[in-house]
Each structure stands twice: as C-alpha cells, then as structure tokens.
Protein chains: 2
Amino acid sequence: MAFTEFRPLDEKSLIEYIKAVPFLYSKLGSDLKVKEVGDGNLNFVYIVISHARYFVMKQALPYMRCIGESWSMTKERAYFEAVALTELGRLSLEHVPKVCHFDLTMSLIGMHYLEPPHIIVKKGLIAGIEYPLLAEHVKIRCKDTLFHIPPLSFHHGAQTFAEFCGNMELCRLTEQVVFSDPSKVSQYNHWTSPYLDRDAEALREGNVLKLEVAELKSKFCERDQALLHGDLHTSSVMVTHESTQVLDPDFAFYWPMGFDIGAFLGNLILAFFFAQDGHADQVNDRKTYKEWILRTIEDTWNLFNKKFIALWDEHKDGSGEAYLPAIYNNPELQQLVQKKFMEDLFHYTLGFGAAKMIRRIVDVAHVEDFESITDASRRADCGHRALEVAKLLLKERRKFHAITELFQPFKNSSHN
Amino acid sequence: MAFTEFRPLDEKSLIEYIKAVPFLYSKLGSDLKVKEVGDGNLNFVYIVISHARYFVMKQALPYMRCIGESWSMTKERAYFEAVALTELGRLSLEHVPKVCHFDLTMSLIGMHYLEPPHIIVKKGLIAGIEYPLLAEHVKIRCKDTLFHIPPLSFHHGAQTFAEFCGNMELCRLTEQVVFSDPSKVSQYNHWTSPYLDRDAEALREGNVLKLEVAELKSKFCERDQALLHGDLHTSSVMVTHESTQVLDPDFAFYWPMGFDIGAFLGNLILAFFFAQDGHADQVNDRKTYKEWILRTIEDTWNLFNKKFIALWDEHKDGSGEAYLPAIYNNPELQQLVQKKFMEDLFHYTLGFGAAKMIRRIVDVAHVEDFESITDASRRADCGHRALEVAKLLLKERRKFHAITELFQPFKNSSHN
C-alpha cells in the first residue's frame, strides 16, 4: 500500500501509513491503536497509541470538516501549519508542541502528544477550572512571537514572508468569516433563532458598526506586522495548572499584532457571558469564577503590556529599525512613543477581539461554551448581552485606556 | 566579447553589447552613437542613437551613483524596475515607456526613447513652463494603478506580491532616507550650512515631529496596499504639453496608497517655494507661475479624488473584497465609507508628502530646483520656509479636510 499521492486517511489506513514510513515505524512500532479525536472546524486529528508512546497525527482534507465537501479549502494549509508550528515553536519553545513529521503529499503533520491533564482551555472554562498561569503563559507566547519577529524590527525575513503569501486562501477565509459574514446574509450564518433574529438583523443594518468593521478589515488585510497564530481562541490552547500549549496555527500569516491577543481576550469575554452565566446553577452561581475570568483578562493584557515594554527598553539600543536609538533615545520621547504604540495596539486589540466575539455568535463556527447551553432562551440571552458588549467595544474602543475600564460594561450587561 | 557575467558598461562597451545581442542588433544596427545622460541618484542611463531610431538603455550598478561605491546597493533593483514598468504599463499604457529588452545578468533595461519635447517635470518647473494636462495625467496614473490593483479588491496577486518581497533592500533605503535620516545625525545628510543648521537641529530634536514620523514610518513599512512607483517625484515624470510619462520605478513595492501621490504633491510644494521664490527676478516675479503650481496641486488631488470615487461607484457591485456590495450597498453607508476612506488617504498623503519634502532639504539626495539657486542665503531662506510648511503639514495633517486649505499656510510662508 503506497502513499505516493494524497488520500484521506482514516483510523485504519493511518496505521498502514505509519508502517510504511520508516521514521514513524521505528518510533512507534507496529502494535498501534488509532483514534480520531478532532473536534475543530477544519481538520482530522488522530491519537496514535503504541507500546512506546502516544503520538498525534493531523490531516488536512481539501474541504472544511465542519461543513463538508461543499466548502472546499486548500489542503496545503497543513504545510503552513507545520511551518508556523516550527517557527512559533522556535520563538516560544515551551509553549508549542514539537513537530516530528510532515508529509506534504498527504497534508499530514505528526507531533508530540500533550499528556493529560492537558485540556482545551475552553473545556476548562466550561467546567469552571481556574488556571493560575494561563495569563502569564499566553502573555509569554504573545510577547515572544510579537517581539522577536517585528514590530520593533519591522523586517520579518522577506523569504518567510514571501512563503506565507501562499497561505492566502486561509487569509481570505478569516477575512470573510470574521469581518464580512456577520454583516451580511450568508449561507452558513446561524444563531439561536428566533431569539437572536433581531440582533443578527441589527448587525446587518448598523452603519456605524459597519464603518468600524471596514476599518478593522482594511487594517487586517493590509498590515503585515508579525507572524501570528491567526486563530488564537480558547480551543487553540491546551492547559494544565503548570503548562500552556498553543495549537493549530493553520491560519498563520503576517497580520497586525492585536489580532491574536484580541482573539484570546474576546474568547475570554465570551466565556464570561456564556460559560458562566449560561452554566450557573443553584449550587454554583459561578460568581467567583467570573471574577477569575476578569482577573485573567486583566492579567493577560497587563502582563503582556508590561513585559513588552520591558523588552522594548531592554532592546532600545538594539538593531530594530522601527525606533532607531539615534532618533528615539531620549527618555521622554521613548515614553511618548511607547505610550502611543501601546494605546494604538490596545484599541486594535479591542476591535479585533470584539469582531471575533460577534462572529462566534452569528456565523458558521460557534463555540462550545455557547453551544453547550441547552436551554435556547438562556443561550440567546447570554448571546444578546455578549453582542451588546462586543458592539460597544468595537464602536467605542478608542475611549478605553485601561483593560479594567472594560469591566463596568461587562458587569452592567451580566446577570450578577 | 561575451556578456555572460555582469560588468559595468560605458558608452563604448554598450555598443559592443548591442552588437552581441541579436534582438538589439536587428533593431538598431551597428552604426551607433551612445551618450550617457543619467542625472538621477542611482543608475546610469544611455541614449542610443542609430540610423533607425533612438533607444534608451539603463544599467544598475551595485552601488548608488550619486555617492559611489561606498554606498553599496543591490543591482537586482533593475529586475524589479523592469517588472514594475511592465506591470504599471499594463495598467496605464499611455503613461509609461515601453520595456523592450531586459538582461538580468547585466541588470540592464532597454526601453523606448521619449521624443523631444519630453522634458523632466522638475526642469520644466524650474524653467517656469505650465503643463496644462499634468494634473490630469498624474491623476490618471495614480487612480489606474491604485484602483485596479487594490485597495478595493485587497488581494493583489499573491504571486506578484511575493516576488516583490525580493526588492526589500530598496524598501529599506526608502525607509531610511525618507523617515529616519532627517531625524538623526547621518553621514550623508547635508543642507545649506550654516543657514539651515538650526532647522536641521530642530528636526533632530522635535519630539512631536518624531512621534508623527514614527507613525508614518510604521504605516509605510507595514501596509501593503498597492503596487506603487515608490519614488514619484517631479524628476520621475517626463512631460510635453500633451504627454506625461512616468519613469524609474526602481523602488516599486506594495506600499500605502498615499505615498506616490504624496510624493508628487510634496515635490510640487517644494517647487512652489524653491523653483519660484528662488528663481524669481525683476523681470519675472513668478507670481502667475506660482498660482499655476497651486492650481496643479489642487487639480492633482481633486481630480484624483473625484475619479477614484467615480470608479468606486462604478465598481461598487463588482468583485472587490474590501467593501462587499452585500454589506455596503446602501447609498448613505456607501457615502460614509468613501468619505472616511478618502479623508484617511488625504491625511496620509499629506504626511508622506511632508516627509518627502523634509528629506529633500536635509538628507543625501537633494533636488535640482533647490540646488540650482546659487545664492546660498536665498536658497536657505526658501528651504527654511518649505521646512516650516512641511512640519506643519506633518504634525497638523488631520486638521486639513480639503487641499485648498493648505494654500493659506503656503502663502503665509511665501514671499509673495
């Protein structure tokens, strides 16, 4: 059984594949069990269990998993995911699973298995588990990748950049689902109907909102600031109390910095509304847990901000081209420039985060913390309140100057 | 005599080269005269005169012509110039000279000769010649290239974009000379000393100015909106009363739209101060000509603005991805979006134009309309007033809403 051309694998044929690839066979042997465990929107993910170890294999098929063959999508995304995992792993070694195998023909990546109790953050949030190091770790990943590629140096390697231009199809998908679909009638849009029908209609008819979305989309499409993960929601991160691992950078591209950290914050805000108000019951009103989510939001931004500025100070006489020491080396100016830069980044972060929140409520790919609320009217009520907050953040983002200023609107909109 | 590897040509060896290349030989024959006529900062330009025709050959050497071998520079810029001439010519056929020959090894471009009375715009400005169609033609070139590549479609072909990543060295040079060198002590900076010493010092010490320059530089480096010429000053354009031809896109890259039109306007503003106040005499106070320059500035922006919006309206139901008809198709929103877009573009255009003005007065590459004023104190006086206006435009650009609002500050700073 040869694997000289692409074919979709299944649990059985993946075993044949492993036996046919000497590197994998020598690592895993022939006594294998395979289980498909993927629950994301795009790809198929297999856990391979051998006597020696666990291993993960991930295959991209030429369509989107959650829709099926009617939404075709280049399987070459697997190549960019492998490159991005390697590149992001190089910058943030402890927080990205190691890639051990890549097969371009098969669009197949083999990587280290993350041992239990690693769990998808979103599932932890639904279960109400606190992860004390989450903000610290996400901040590390963000500042490592954002700092050491640009923006303080501007020039990401032209070669890597040129290479990632090949990932344009996934870029377009992000542009479509995050910035366009929620504002228009779109085949796969869905929401908790009929409860949210008027909310969805308001998104399609709000001129001020659409003006702001146009600006964010334009910034997103045209600004190649840094190599980002591109889809950093709470299902792209696995955690234990000690470890935080970032997965699934299929959408990696050179994008404006605020997009990753905004996506992560936006998903935490969704968790604040959905996972908590939606999952509270008489035994546990989740009030304490909601406070923890707010603290995590606050810490994620503030730790990132603080560490980013500290790194900037440390490298201010370095070789970065954006703020040359010969121009920006006086302390007063340095502070002014940093303040302006971080404030601009904060505002775009809020805008991108809000756009990601909106899409998760009305477009094709919803999130589990939301979908797992079985009572439709309760789910819709959480959705309505999260949408109102997202619209406020998107339209009024320039009025916020500190992350904690967001919390009053959250509390005003939340049930407790 | 073989030309299988790169060598710098001269008037004599270029004749040998032409005889060795069948295509050129068949076109031009062997009875040739060659004259080097380049007066730009980078390349060597030869006019080839045969019995049959005139022809232009342009060679890039691995350094900057105006400095010499101590400022090395990739000769592969010739490749990007040839690609850009072809690409920009495709979009704006009548306004770009036709490329007929390209030799990658020799970094040599052969192109159509522009017959007299074609003259470099800058020389025309110094001579006080009015070109009634200049604004109209420059507007056409700008709107053609800006419109038909993005921004209304966003997605320039990923392949061309990836290819232009190879032109990064020239990008860096632009970033350096336009946005960094004027703000710092730099080896090749020079100005009319001692008259402008304090002005140059003020540029290096103005915190507010440097904050704005940082924003413009960041936008310039990170925003890949459209394939631009990259160096559209008044020496990159040749004119007659009927024809306008854009030359020398060595610096072509995907850059924010306002950069080309800003450069052109900035150079016209310089001409207003230098070529005119500096060249006025008792016979001709150049007052009428200055009015013509202002009209040309006004027309260039307003015609561009008007035509761009008209094209946008015409294509509003087209396939562009930035403003999808399903989202932006109501007339009120369409107008709001266009107004916001053009106002943002106007402000960046002013910022980029002002940065280009400043560099021409204090950095390595000055301009002829300035240098040809022999009286140093008079030249410095023009320079000082142009610098004051440029700083105002750069810092206060967001306060201007129409191009004619600029003219009062010009008139306040001008001698008549």
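Numbered from 1 within each chain, the chains take letters A, B, ... in sequence-line order. Just the heavy atoms: all of them, side chains too, but no hydrogens, waters or symmetry mates, feed the values below. In this text, all values refer to a predicted model and were calculated from it rather than measured experimentally.
- Residue B/K316 places its NZ atom among 12 or fewer non-hydrogen atoms of other residues, nucleotides or ligands, all under 6.0 Å distant.
- Using a 4.5 Å cut-off on side-chain heavy atoms (C-beta onward), B/L196 and B/V362 make no contact.
- Considering only heavy-atom pairs separated by less than 4.5 Å from chain A, the leading option among B/S183, B/S186, B/P256, B/A326 is B/S183.
- A/T174 pairs by the side chain to side chain contact (heavy atoms under 4.5 Å, CB included) definition with A/V178, A/F220, A/F251, A/W255, A/F259, not counting sequence neighbours.
- Ring geometry, B/W312 versus B/F308: the interplanar angle exceeds 60°, so the pair is classed perpendicular (tilted spans 30 to 60°).
- Contact count versus chain A (heavy atoms, under 4.5 Å) is highest, among B/V208, B/V213, B/L324, for B/L324.
- When A/L336, A/N207, A/L211 are compared by the number of non-hydrogen pairs under 4.5 Å with chain B, A/N207 comes out ahead.
- For A/K340, the part sitting under 4.5 Å from any heavy atom of chain B is the side chain, from C-beta outward, and nothing else.
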Just do the side chain to side chain contact (heavy atoms under 4.5 Å, CB included) check on B/W71 and B/L173 with the steps written out, would you?
-> CA-CA 11 Å; B/W71 192 321; B/L173 178 63; 3.2 Å; yes
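- Heavy atoms closer than 4.5 Å to chain B are found in the side chain of A/N330, but not in its backbone.
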